[in-house]
**Q** 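What follows is a structure written as structure tokens; I'll ask about it next.
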Amino acid sequence: MNFKLKNDTFLRALLRQPTEYTPLWMMRQAGRYLPEYRATRKTAGSFLGLCKNPDFATEVTLQPLERFPLDAAILFSDILTVPDAMGLGLYFSEGEGPKFERTVRSEADLKALRTPDIGTDLKYVTDAVAQIRKSLDGSVPLIGFSGSPWTLACYMVEGGGSDDYAKVKTMAYSNPGLMHQLLSKTADTVTQYLNAQIEAGAQAVMIFDSWGGALSHAAYHEFSLPYMQRIVDGLIKEKDGVRIPSIIFTKGGGLWIESIANTGCDAVGLDWTMDIGIARQKVGHKVALQGNIDPTVLFAPPDAIRNEVEKVLGSYGFGSGHVFNLGHGISQHTNPEHAAALVAAVHELSRKYH
């Protein structure tokens, strides 16, 4: 296997080493805004059909890289593969998003949760990682990922997406012991899952705490952060003599950026509500920062996109330690040409800061 990367700018930025420009990738860069993705998904028959077939997962992971000169690939998968492997029965209803056949709301439900064998239950993911890594042939690094324990617990308790997280929060406040058991079990599974991705070829890993921002200050520090800390502590930090950086992204977590930076992760992802320059003043001596342009900017014309890119770059300022990204996933309604304008603007305008 080729361990020498032709473009390691992303990994260098995560480790706050000097780079010639600010690298970028986009959350959900392989997705519905690309016509080629929609075509592959049609062939696969369903979203899960894409996720569970390493050939399709490889194909869609590579599609955005064939179109744009991005600085990293991210495994095509879903955060809900983990609760699915724990026996909750994931399915997708047309136009309704993910749902689970079973939920975890009682002691009995928790006992019924399987401890997945990553090597068999999630082999389709690690096979995809290995295949993507091979197909990339050292062009750019591959990012592996998982949902955070709290975010996965939201789906496991609610049984799907939620607007108010009433069921999962009620469980946290009324039966914290049960919630901690669920989070603990999930954190151990996620740690093994991410390490299996690293063993299969992932060169950086990211924890998506999509719903951490739904918590109060005290609840975040009780139910979300400590479990991400536990995962970071348990991750493989080096493979084949190369450092494997980790990124934590809590959507809505700007208020807790110092706490996140103290987990030992290498980078903190920011949503668009936080000024990246202020974030850098607070934690930039400890971690790299990833983000954080508003994905809706991509609906604006290319010259407006350039202006917004310049604002983010200018706010971060000079030096390394910045991975440019969106503040959340790219919208399915984005014009791919606008995504191309973003990539070009970042690569061109960032050079003067390095």
Side-chain angles (χ1 to χ4, degrees), residues 10 23-38 40-41 47-48 50-51 57 60-65 67-68 70-82 90 92 95-98 125 128 132 142-148 150-152 154-155 160-163 165 202 204-214 228 247-254 267-274 276 289-300 305 308-309 312 323-343 345-346:
F10 165 72
L24 92 154
W25 65 279
M26 294 178 286
M27 288 192 260
R28 289 201 207 121
Q29 63 190 23
R32 289 178 288 182
Y33 74 106
L34 294 176
E36 54 270 40
Y37 169 90
R38 296 196 296 271
T40 307
R41 178 168 164 166
F47 177 74
L48 278 178
L50 273 184
C51 287
V60 294
T61 298
L62 299 178
Q63 283 169 349
L65 296 153
R67 199 184 256 267
F68 316 116
L70 295 157
D71 296 290
I74 183 164
L75 159 71
F76 183 81
S77 187
D78 192 271
I79 62 169
L80 300 181
T81 53
V82 168
L90 175 64
F92 284 82
E96 276 190 35
V125 178
I132 295 161
L142 174 60
I143 306 164
F145 73 91
S146 172
S148 71
W150 167 257
T151 294
L152 296 178
C154 286
Y155 286 99
S162 173
D163 292 331
Y165 306 98
V205 290
M206 179 153 166
I207 300 168
F208 283 91
D209 187 29
S210 311
W211 309 130
M228 294 193 286
I247 308 161
I248 290 180
F249 173 62
T250 294
K251 184 166 187 289
V268 176
L270 302 172
D271 69 18
W272 64 87
T273 59
M274 176 106 198
I276 200 166
L289 294 170
Q290 179 173 279
N292 67 333
I293 204 165
D294 182 347
T296 317
V297 164
L298 295 177
F299 293 155
I305 295 170
E308 295 302 320
V309 165
V312 174
V323 171
F324 203 99
N325 207 315
L326 311 173
H328 200 233
I330 190 166
S331 162
Q332 60 172 330
H333 306 297
T334 304
N335 178 339
E337 287 178 15
H338 289 203
L342 175 84
V343 177
V346 173

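Keep in mind that the numbers below use all heavy atoms, side chains included, and drop hydrogens, waters and symmetry copies. Predicted, not measured: the structure shown is a model, and the values here were computed from it.
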**Q** Looking at every heavy atom in both Asp271 and Gly253, which two are closest together, and how far apart are they?
**A**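 What the structure gives for the nearest pair is OD2-N, 4.4 Å.
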**Q** Would the distance check show the side chain of Asp71 and the main-chain N or O of Leu24 forming a donor-acceptor pair, the cut-off being under 3.5 Å?
**A**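 Such a contact is found between Asp71 side chain and Leu24 backbone.
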**Q** With a 6.0 Å cut-off (strictly less than), is the heavy-atom count around CZ of Arg67, excluding the residue itself, greater than 12?
**A**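 Counting other residues, nucleotides and ligands, CZ of Arg67 exceeds 12 neighbours.
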**Q** Could you report the tightest heavy-atom contact between Pro98 and Leu80, atom names first, then the distance?
**A**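 Scanning both residues, the minimum pair turns out to be CB-CD1, 3.4 Å.
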**Q** Without swapping roles, check the side chain of Asn292 against the backbone of Gly327 for a donor-acceptor pair under 3.5 Å.
**A**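 No: the side chain of Asn292 does not pair with the backbone of Gly327.
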**Q** How far does CG of Asn325 sit from CE of Met26, to the nearest 0.5 angstrom?
**A**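 It comes to 8.5 Å.
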**Q** Quick check: closest heavy atoms across Cys51 and Phe76, and the distance to 0.1 Å?
**A**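 Minimum heavy-atom contact is SG-CE2, 3.9 Å.
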**Q** Please determine whether side-chain contact (heavy atoms from CB on, under 4.5 Å) holds for the pair Asn335 and Leu298, giving the CA-CA distance in whole Å, both sets of side-chain angles, and the decisive distance to 0.1 Å.
**A** CA-CA 8 Å; Asn335 178 339; Leu298 295 177; over 6 Å; no
**Q** Indicate yes or no for a side-chain donor-acceptor contact from Glu308 to the backbone of Val297 under 3.5 Å, with no hydrogens or angles considered.
**A**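 No.
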**Q** If you look at every heavy atom in Cys154 and Tyr165, which pair is closest and at what distance?
**A**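 Result for this residue pair: SG-CD2, 3.9 Å.
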**Q** Between Thr151 and Trp211 (side chain of the first, backbone of the second, donor and acceptor by atom type, cut-off under 3.5 Å), is there such a pair?
**A**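 Flag set: sc Thr151 to bb Trp211 pair under 3.5 Å.
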**Q** Could you tell me the separation between the CD1 atom of Ile248 and the CD atom of Gln290, rounded to the nearest 0.5 Å?
**A**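 If I round to the nearest 0.5 Å, the distance is 12.0 Å.
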**Q** Enter the distance from Ile74:CD1 to Leu65:CG here, rounded to the nearest 0.5 Å.
**A**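 Rounded to the nearest 0.5 Å, the CD1-CG separation comes to 11.0 Å.
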**Q** Could you tell me which non-hydrogen atom of Tyr33 sits nearest to which non-hydrogen atom of Pro64, and how far apart they are?
**A**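 What the structure gives for the nearest pair is OH-CB, 4.3 Å.
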**Q** Write down the atom of Gln29, the atom of Leu34, and the distance for their closest heavy-atom approach.
**A**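 The pair with the smallest heavy-atom distance is O-CD1, 3.7 Å.
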**Q** Quick one, Leu50 and Tyr37 - any side-chain contact, counting heavy atoms below 4.5 Å?
**A**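 When only atoms from C-beta onward are counted, Tyr37 and Leu50 do touch, with a gap below 4.5 Å.
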**Q** Give, for atom NZ of Lys251 and atom CG of Asp209, the distance between the pair rounded to the nearest 0.5 Å.
**A**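 Spacing of NZ (Lys251) from CG (Asp209) equals 11.5 Å.
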**Q** Nearest 0.5 Å, please: how far is CD1 in Ile293 from CG in Leu270?
**A**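 CD1 of Ile293 is found 13.0 Å from CG of Leu270.
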**Q** Okay, side chain of Trp272, backbone of Pro295: is any donor-acceptor separation there less than 3.5 Å?
**A**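 Pair absent, no side-chain N/O of Trp272 close to backbone of Pro295.
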**Q** Return yes if some donor-acceptor pair links the side-chain N/O of Gln332 with the main-chain N/O of Arg32 below 3.5 Å, else return no.
**A**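 Judged by distance alone, no pair lies under 3.5 Å.
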**Q** Between Ser148 and Met228 (side chain of the first, backbone of the second, donor and acceptor by atom type, cut-off under 3.5 Å), is there such a pair?
**A**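 Side chain of Ser148 to backbone of Met228, a donor-acceptor pair under 3.5 Å: no, none is there.
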**Q** Run the side-chain contact (heavy atoms from CB on, under 4.5 Å) test on Phe324 and Leu342 for me, step by step, so that the C-alpha distance in whole Å, both residues' side-chain angles and the decisive distance to 0.1 Å come before the verdict.
**A** CA-CA 10 Å; Phe324 203 99; Leu342 175 84; 4.0 Å; yes
**Q** Quick check, are the ring centers of Phe145 and Phe249 under 6.0 angstrom apart?
**A**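 They do not qualify: ring centres at least 6.0 Å apart.
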**Q** Is the shortest side-chain heavy-atom distance between Leu289 and Val268 below 4.5 Å?
**A**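 They are in side-chain contact.
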**Q** Within this structure, what is the NE2-NE2 distance for the pair His338 and His333, rounded to the nearest 0.5 Å?
**A**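 Taking NE2 in His338 and NE2 in His333, the distance rounds to 15.0 Å.
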